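Below: one structure, written as structure tokens.
Residue numbers count from 1 along this sequence. Worth saying up front: this structure is predicted, and the values here are computed from it rather than measured.
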Amino acid sequence: MSPAQYSRRDFSRVIGQSLAFAFAAPALRAAHGVNPTPYATAPKQAAKILLNFNENPYGPTPKALEALSTCGHAAARYPDSLYEEVRDALAIIHGAKRENIVLGCGSTEILRAADMAFLAPGQSVVAAEPTFEAVLNVARVARAVPVKIPLTGDHRHDLPAMAAACTSKTGLVYVCNPNNPTGTIVTREELADFVPRVPSTALILVDEAYFHFAENPGYGSVIDWIGKHPNLLVARTFSKIYGMAGMRLGYAVGSKETIAAMQPQILRDNGNAAVLAAALASLADKDYVATSRARINTTRRWLAGELTKDGRSFIRSEANFMMIDMGRDVQPIIEQFAARNILIGRRFPSMNNFLRVTIGTEPEMEAFVATLREIAPVDASKAA
């Protein structure tokens with residue numbers, strides 16, 4: 001039968017037969033002694049320890065999980081009202097208005113929307129090297145010019161050099177604070193000097209994804225500066241301290257004009273009812289945030305102590321991960337960890353001697369340290 005002769009009746013008959021077979025196939029296999037789920041018989045692998053994506057190993061607050069378990073009734077409706085509730089809750093927390101808040105499918109959508117709204121072909125985006133790459137990756141798609149400024153000797157943003165790199169063609173300046181992958185910070189005092197030196201025509205995007213983990217007294221959010229500096233935008237995420245990386249929700253706080261410019265670049269209906277309900281529950285559970293922060297930061301300090309005992313060099317971190325100087329290319333070390341079912345951060349080209357490890361649970365970090373000592377033992381003379 002030629003395509004032209006293939007009627008809707010024939011099409012319906014074929015589709016109906018296919019669907020019938022699809023539904024009947026598991027029963028047929030079972031009737032003939034064939035396991036209907038062939039993967040169930042595959043050998044079970046040892047559980048992997050995931051220390052590679054800077055996730056919160058403790059997951060969401062129990063209140064968020066409860067919200068998830070009871071939000072099924074909302075599945076048939078678009079979550080417009082819930083979307084606005086989350087914006088209002090965030091506005092209250094940050095002393096802003098709903099018009100100052102935009103939500104994204106993870107903070108990566110926020111970064112993409114900022115690029116698309118404020119970068120035109122031929123304009124430049126100024127960022128540290130290395131830093132979180134999403135802004136630079138999208139900039140290339142937008143045919144903007146990435147301008148990478150090397151970190152300082154102590155692995156921090158070189159803000160004076162970044163300011164000096166800005167021109168009339170600079171559309172966006174990106175500051176990740178604390179920085180991924182180094183875990184280092186720039187202080188509010190340093191940012192207070194930096195922000196006025198950036199052309200007012202350029203958007204200053206400060207990514208505070210790891211804000212909650214920072215303990216340095218000189219560190220602080222710059223959300224409260226937005227009224228004074230309308231070209232300032234601050235990005236946050238529910239992926240880290242709130243333990244919702246798999247659910248994808250981020251947001252930004254900015255001037256009314258900045259948020260309005262970004263809205264056309266944001267996917268419509270990008271927040272689902274489940275993640276929005278979990279976000280509201282998370283924002284209301286301040287005790288969990290404090291507990292999660294304390295557990296992770298205590299483990300981070302423990303890891304720093306163990307590395308010091310071994311005589312290893314590492315970067316002091318203000319985030320939920322740490323970079324360890326292995327003194328040689330880390331790719332073979334990463335592969336050896338993977339062979340032992342421990343996944344750690346990827347190799348960063350500009351810092352290929354540094355191993356980035358996420359702060360996991362205490363047992364996970366004990367396993368990491370034991371494996372590190374096995375894979376890359378240190379000279380006994382260097383140990384404390």
Provide the closest heavy-atom pair for [X] versus [Y] in the form atom of the first, atom of the second, distance.
X      : Y      : result
Ile375 : Gln336 : CG2-OE1, 3.4 Å
Ala67  : Ala281 : CB-CB, 4.1 Å
Glu129 : Ser350 : OE2-OG, 2.9 Å
Ala252 : Ile259 : O-CD1, 4.1 Å
Met323 : Thr182 : SD-CA, 3.8 Å
Ser282 : Met244 : OG-SD, 3.6 Å

Aromatic rings Tyr251 and His94: how do their planes relate, parallel, tilted or perpendicular, breaks at 30° and 60°?
->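 Tilted.
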Side chain to side chain donor-acceptor pair (under 3.5 Å) assessment of Thr131 paired with Asn179 | CA-CA 6 Å; Thr131 193; Asn179 187 41; 2.7 Å; yes
side-chain contact (heavy atoms from CB on, under 4.5 Å), paired with Leu205, selected from Val234, Val173, Leu233 =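 Passing option: Leu233.
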Taking the six-membered ring for Trp and the single ring otherwise, decide whether the centroids of [X] and [Y] are under 6.0 Å apart.
X      : Y      : value
His157 : Phe194 : no
Phe321 : Tyr210 : yes
Phe368 : Phe337 : yes

Counting C-beta onward and ignoring hydrogens, is there a side-chain heavy-atom pair between [X] and [Y] closer than 4.5 Å?
X      : Y      : answer
Glu99  : Glu257 : no
Ile204 : Leu191 : no
Leu372 : Met326 : yes
Ser313 : Ile324 : no
Thr299 : Thr361 : no
Glu306 : Glu366 : no
Leu68  : Met247 : yes
Tyr242 : His212 : yes

Evaluate the side chain to side chain donor-acceptor pair (under 3.5 Å) criterion for residues Thr170 and Ser124: first the C-alpha distance (whole Å), next the side-chain angles of each, then the deciding distance (0.1 Å), finally the verdict.
-> CA-CA 5 Å; Thr170 301; Ser124 68; 3.1 Å; yes
Can a cation-pi geometry be assigned to Arg300 and Phe213, taking NZ or CZ under 6.0 Å from the six-membered ring centre and within 45° of the ring axis?
->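 No, Arg300 does not sit over the ring of Phe213.
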Does NZ or CZ of Arg236 lie under 6.0 Å from the centre of the six-membered ring of Phe211, at an angle within 45° of the ring axis?
->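 Cation-pi check for Arg236 and Phe211: passes.
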Connected via hydrophobic side-chain network under 4.5 Å: [X] and [Y]:
X      : Y      : result
Val126 : Phe132 : no
Met162 : Tyr219 : no
Ile101 : Val275 : yes
Val125 : Ile110 : yes
Ile185 : Phe354 : no

Using distance alone, with no hydrogens and no angle criterion, decide if [X] and [Y] have a side-chain donor and acceptor under 3.5 Å apart.
X      : Y      : answer
Asn180 : Arg356 : yes
Tyr174 : Asp207 : yes
Asn231 : Thr258 : no
Ser239 : Arg248 : yes
Asn177 : Glu208 : no

Kindly determine whether Thr358 and Asn52 satisfy side chain to side chain donor-acceptor pair (under 3.5 Å), including the steps that lead there.
-> CA-CA 6 Å; Thr358 301; Asn52 52 336; 5.8 Å; no
Is there a donor-acceptor pair closer than 3.5 Å between any side-chain N or O of [X] and the backbone N or O of [Y]?
X      : Y      : result
Asn320 : Ile359 : no
Thr184 : His155 : yes
Ser292 : Tyr288 : no
Arg98  : Asp88  : no

Roughly how far apart are Arg328 CZ and Asn353 CG, rounded to 0.5 Å?
->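 These two atoms lie 9.5 Å from each other.
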In the hydrophobic clustering (ILVMFWY, side-chain contacts below 4.5 Å, transitive), which residues join Leu343, or is it alone?
->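 Grouped by the 4.5 Å side-chain rule, Leu50 form the rest of the cluster around Leu343.
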Around atom CD of Glu189, are there more than 12 heavy atoms of other residues, nucleotides or ligands at under 6.0 Å?
->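 No.
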Do [Y] and [X] meet the salt-bridge criterion of a basic N to acidic O distance under 4.0 Å?
X      : Y      : answer
Arg295 : Glu362 : no
Asp224 : Arg188 : yes
Arg347 : Asp329 : yes
Arg346 : Glu133 : yes

Step by step, would you call Thr237 with Leu249 a side chain to side chain contact (heavy atoms under 4.5 Å, CB included)?
-> CA-CA 6 Å; Thr237 183; Leu249 185 64; over 6 Å; no
